Amino acid sequence: MKKFYITTSLPYVNAPPHIGFALEIVQADILARHRRLAGDEVVFNTGTDEHGLKVYRQALAEKKDPQAYADEYAKKFELLKDALNLSYTDFIRTTDPRHMRAAQEFWRRCEKSGDIEKKAYKIKYCVGCELEKTDSELTDGRCPVHPNLALETIEEENYFFKFSKYQKKLLDFYDGHPDFVVPDFRFNEIRKFVAGGVNDFSISRLKEKMPWGVPVPGDDSHVMYVWFDALVNYISTLGWPEDEKKFRDFWPGVQVAGKDNLRQQTAMWQAMLMSAGLPNSRQVFIHGFVNVAGGKMSKSVGNVVDPLELVRAYGTDAVRFWLAREVNPFEDSDFTLERFKESYNANLANGLGNFASRVTALAADTEFVLSKLAVSKEVEQAIADSREACRRKLAGFAFNEAITAVLELIRFGDAYVNEKKPWETKDAAVIYDLTVILDNVAALIAPFLPKTAEAITKCIRHTDGKVSVDRCPTLFPRIA
RNA sequence: GUCAGGGUAGCUCAACGGCGGAGCAGGGCUUUCAUAAGGCCAAGGUUGUGGGUUCGAGUCCCACCCCUGACACCA
């Protein structure tokens with residue numbers, strides 16, 4: 001049995017899950033289910049990233065213990081499991097003791113490789129906000145909130161990771177693995193970034209200022225900068241370093257991450273793995289963002305789409321369908337309720353749901369004796385084409401096109417019914433053809449819409465050499 | 001500002017330099033097995049703008065306009 005490991009990135013617990021993370025985890029779930037159905041043994045990991053300044057600050061602001069605060073948010077992410085019918089096998093929290101031990105061991109290995117050193121770290125500090133500012137937070141070198149106050153520069157000692165040492169090795173690695181990052185344009189982006197020169201990055205924070213992190217081994221005055229610890233989750237979840245067998249069986253794996261994570265996943269983490277003497281990730285798939293009516297989702301605008309709310313209104317598979325079929329896997333996409341409904345009615349109600357309904361109604365009175373029936377060549381070909389297209393598209397993370405291949409089979413089936421008029425002819429061979437098409441549609445759609453596939457499959461009963469069919473209930477009622 | 005990618009039907013997207021396509025939405029016809037569903041047909045375009053190369057340009061070149069992303073510590 002082949003082993004397959006796939007993981008999402010870990011969402012940071014300073015906000016409830018939004019549709020963007022739902023996208024990522026559903027994409028990963030589709031691939032996990034696809035591989036499982038193909039017979040692989042699958043580890044599918046997700047979890048929560050719980051350390052760092054933002055969690056610490058927000059916990060303080062809400063007068064909560066950081067761990068209690070993280071617990072509360074981790075629970076919200078776990079709610080997604082039922083809502084979206086996710087099949088992950090592992091849920092790692094970066095505050096799990098085993099993860100923290102792994103992060104520390106990882107640190108020691110990088111240290112042993114001579115890749116961790118203490119250096120002066122310059123911080124820009126806005127006296128007005130009384131906060132550290134990163135360059136990307138500044139406009140024209142000034143705090144946007146207090147543009148007439150000069151920023152202060154504070155120096156402190158931090159541990160740094162010798163990223164620069166890995167520039168050449170990363171470029172060589174990229175050259176040797178042309179499919180390492182999907183899509184291509186993201187791969188080019190990171191290649192160019194690394195080729196342009198990489199600087200060592202800070203991987204610790206002074207504990208007295210920010211205690212909410214994994215303690216740095218051998219130095220009580222520092223905790224790890226959240227990135228360093230969080231990235232290790234991809235292997236700590238596999239039991240590294242203790243569970244060598246599971247680690248060897250499943251690592252390296254496929255990582256799914258958003259475009260904001262490109263550098264961390266495809267360059268920094270890879271350099272860290274090299275430093276620790278571990279194999280690089282197998283592949284990183286970078287998805288785009290879900291925008292709302294062309295604009296970014298933001299709490300202040302109040303346009304955040306809550307995946308749980310959508311599920312309540314339209315059902316799990318309707319939401320999974322939208323994420324897989326209407327979102328461009330590689331680019332940003334817009335969410336609008338209007339398009340969501342249009343797609344639902346066109347593809348799920350009129351398409352898949354109606355097809356299941358008409359085929360099972362036609363087949364319900366017939367008992368098929370398999371020895372007397374053969375699927376027509378034409379139908380066989382249509383099924384084979386659809387299956388092959390679906391498999392190929394999924395291998396390239398083109399979830400939307402994979403579903404299109406299934407929809408084409410449904411379209412073929414609908415035309416086949418109209419053409420053959422089995423309600424007139426009562427031709428058992430034709431009705432059997434249709435049953436087989438429906439059965440295959442269910443199998444192909446299963447990674448995307450597991451509940452729906454199950455509901456269809458349940459209607460088609462196989463008993464020693466015979467097939468009989470029950471009428472399928474309405475799968476997707478039309479919505480106004 | 002620099003670099004990269006893009007601008008094609010109302011919407012989402014296809015089109016090795018060779019007659020601009022598909023799905024959805026909207027329109028017409030039609031069927032009754034099916035969820036007011038299905039099928040068929042037609043319509044829908046100055047391919048961002050202006051030049052150039054070419055027998056021929058959505059595609060190549062130049063200029064301009066617009067959009068998106070990256071430009072490091074955003075966890």
Side-chain angles (χ1 to χ4, degrees), chain A residues 9-14 48-56 94 121 123 132-137 158 160-161 163 183-186 188-194 196-203 205 212-213 224-231 233 259-264 267-268 286 288-289 291 294 325-328 330-334 336 338-339 342-343 345-365 400-401 404 407-408 410-411 413-426 430-431 434 471-479:
Chain A
S9 61
L10 299 195
Y12 199 58
V13 290
N14 65 342
T48 42
D49 179 9
E50 306 182 0
H51 288 122
L53 188 61
K54 283 193 179 172
V55 167
Y56 183 65
T94 58
Y121 178 61
I123 295 164
E132 290 180 24
K133 295 284 167 177
T134 61
D135 284 340
S136 55
E137 287 177 303
N158 265 3
F160 274 73
F161 177 76
F163 195 30
D184 284 347
F185 65 89
R186 296 287 175 212
N188 292 340
E189 222 169 275
I190 197 62
R191 252 201 189 99
K192 210 167 44 186
F193 172 78
V194 173
V198 293
N199 300 325
D200 301 346
F201 56 86
S202 162
I203 54 171
R205 288 292 183 266
W212 187 238
M224 292 182 197
Y225 185 49
V226 57
W227 265 114
F228 190 89
D229 118 62
L231 288 167
N233 94 82
K259 63 182 186 181
D260 56 335
N261 258 250
L262 176 69
R263 185 180 318 145
Q264 287 79 3
M268 292 159 72
I286 301 289
F289 287 164
N291 295 325
R325 155 78 194 197
E326 300 301 332
V327 170
N328 183 321
F330 312 117
E331 308 271 1
D332 290 1
S333 301
D334 272 352
T336 67
E338 194 186 352
R339 268 192 57 207
E342 257 177 29
S343 169
N345 281 334
N347 299 303
L348 294 177
N350 300 353
L352 177 56
N354 183 58
F355 183 67
S357 181
R358 69 194 302 204
V359 170
T360 57
L362 283 165
D365 302 325
N400 52 347
E401 294 179 15
T404 298
L407 296 175
E408 274 166 12
I410 294 170
R411 190 185 302 277
D414 270 327
Y416 195 73
V417 181
N418 281 38
E419 183 199 335
K420 301 286 183 184
K421 304 188 194 312
W423 62 90
E424 268 175 33
T425 64
K426 309 286 179 199
V430 169
I431 298 176
L434 290 168
R471 286 190 83 120
C472 185
T474 299
L475 296 171
F476 298 100
R478 271 187 72 89
I479 51 182

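Proteins come first, then strands; the chains are lettered A, B, ... in the order of their sequence lines, and each starts at number 1. If you're wondering where the values come from, they're calculated on a predicted model, not measured in any experiment.
Both A:E424 and A:K259 lie near RNA chain B, and the one whose nearest nucleotide falls closer to the 5' end is A:E424. For the pair A:F163 and A:S333, nearest-nucleotide mapping onto RNA chain B gives the more 5' position to A:S333.
Counting heavy atoms of neighbouring residues, nucleotides and ligands inside a 6.0 Å radius, atom CD of A:E419 exceeds 12 of them.
Although no hydrogens or angles enter the test, the distance criterion places no donor-acceptor pair under 3.5 Å between the side chain of A:W423 and the main chain of A:V417.
Across the P atoms, B:rU59 and B:rG20 are found 13 Å apart, a figure rounded to whole Å. Look at the C1' atom in both B:rC16 and B:rG39: the space between them is 35 Å, to the nearest Å. Spacing of C1' atoms, B:rC19 relative to B:rG45, comes out at 15 Å, to the nearest Å. A gap of 12 Å separates the C1' atoms of B:rG58 and B:rU46, to the nearest Å. As rounded to the nearest Å, B:rC61 and B:rA42 have P atoms that lie 37 Å from one another. Nucleotides B:rG5 and B:rC11 have their P atoms positioned 25 Å apart, rounded to a whole Å. Here, B:rG48 and B:rC13 have their P atoms 15 Å apart, quoted to the whole Å. Nucleotides B:rU49 and B:rU8 have their P atoms positioned 10 Å apart, rounded to a whole Å.
Nucleic acid contact for A:L10: base, since at least one base atom lies under 4.0 Å from a heavy atom of the residue. A:N261 comes within 4.0 angstrom of a base, heavy atoms only. A:G413 comes within contact range of no nucleotide atom at all, as no heavy-atom separation falls under 4.0 Å.
Considering only residues two or more places apart in sequence or on other chains, A:P11 meets the side chain to side chain contact (heavy atoms under 4.5 Å, CB included) condition with A:F21, A:F77. Residues meeting the ring-ring contact (aromatic ring centres under 6.0 Å, His included) test with A:F163, sequence neighbours left out: A:F201. Listed by chain and residue number, nothing satisfies the side chain to side chain contact (heavy atoms under 4.5 Å, CB included) test with A:K192 (two or more places apart in sequence, or in another chain).
Using modelled atom types, one finds no donor on one side chain facing an acceptor on the other under 3.5 Å when comparing A:N261 with A:S9. In the model, A:E338 has no side-chain atom that pairs as donor or acceptor with a side-chain atom of A:T336 under 3.5 Å. Defined by atom type and a distance below 3.5 Å, a donor-acceptor pair is present between the side-chain atoms of A:E326 and A:S343.
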query = How far apart are the C-alpha atoms of A:R411 and A:E408, what are their side-chain angles, what is the distance that settles it, and do they pass the salt bridge (charged side-chain N to carboxylate O under 4.0 Å, His left out) test?
reply = CA-CA 5 Å; A:R411 190 185 302 277; A:E408 274 166 12; over 6 Å; no

request  = Please assess A:R358 against A:D414 for the test side chain to side chain contact (heavy atoms under 4.5 Å, CB included), listing each intermediate value before the final yes or no.
outcome  = CA-CA 9 Å; A:R358 69 194 302 204; A:D414 270 327; 2.5 Å; yes

task = Would you check, one step at a time, whether the test side chain to side chain contact (heavy atoms under 4.5 Å, CB included) holds for A:R478 with A:N350?
result = CA-CA 8 Å; A:R478 271 187 72 89; A:N350 300 353; 2.8 Å; yes

message = The test is salt bridge (charged side-chain N to carboxylate O under 4.0 Å, His left out); show your working for A:K426 and A:D365 and say whether it passes.
response = CA-CA 10 Å; A:K426 309 286 179 199; A:D365 302 325; over 6 Å; no

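Regarding A:K421, its NZ atom lies at a distance of 12 Å from the P atom of B:rC40, rounded to whole Å. Separating the CG atom of A:N347 from the C1' atom of B:rC24 is a distance of 8 Å, rounded to the nearest angstrom. Rounded to a whole Å, the CD atom of A:E401 is 12 Å from the P atom of B:rC13. Rounded to a whole Å, the CZ atom of A:R186 is 8 Å from the C1' atom of B:rA70. Atom CG of A:N400 and atom P of B:rC11 are 19 Å apart (whole Å). One atom, CG of A:L362, and another, P of B:rU32, lie 13 Å apart when rounded to the nearest Å. Here B:rC73 presents its P atom at 16 Å from OH of A:Y12, a figure rounded to the nearest Å. Spacing between atom CG of A:D260 and atom P of B:rC73 amounts to 14 Å, rounded to whole angstrom units.
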Restricting to nitrogen or oxygen on both sides, can you table the protein-nucleotides 1-8 of chain B pairs closer than 3.5 Å?
from: B:rC3; atom 1: O2'; to: A:K192; atom 2: NZ; distance (Å): 3.0
from: B:rA4; atom 1: O4'; to: A:K192; atom 2: NZ; distance (Å): 3.3

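Stacking between A:W423 and the base of B:rC33 is present: ring centres sit under 5.5 Å apart and the planes differ by under 30 degrees.
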ask   = In dot-bracket, 5' to 3', how would RNA chain B read with Watson-Crick or G-U wobble pairs under 3.5 Å, [ ] for crossing ones and | for pairs to another strand?
value = (((((((..((((....[..))))..((((.......))))......(((((..]....))))))))))))....

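Looking at the side chain of A:R339, the nearest of the listed nucleotides B:rC24, B:rA70, B:rC11 is B:rC11.
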B/S/- contact track for nucleotides 34-39 of chain B, protein heavy atom under 4.0 Å = BB-SBB

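Salt-bridge annotation for A:R339 and A:E342: absent, with no side-chain N of the basic residue lying under 4.0 Å from a carboxylate O of the acidic one.
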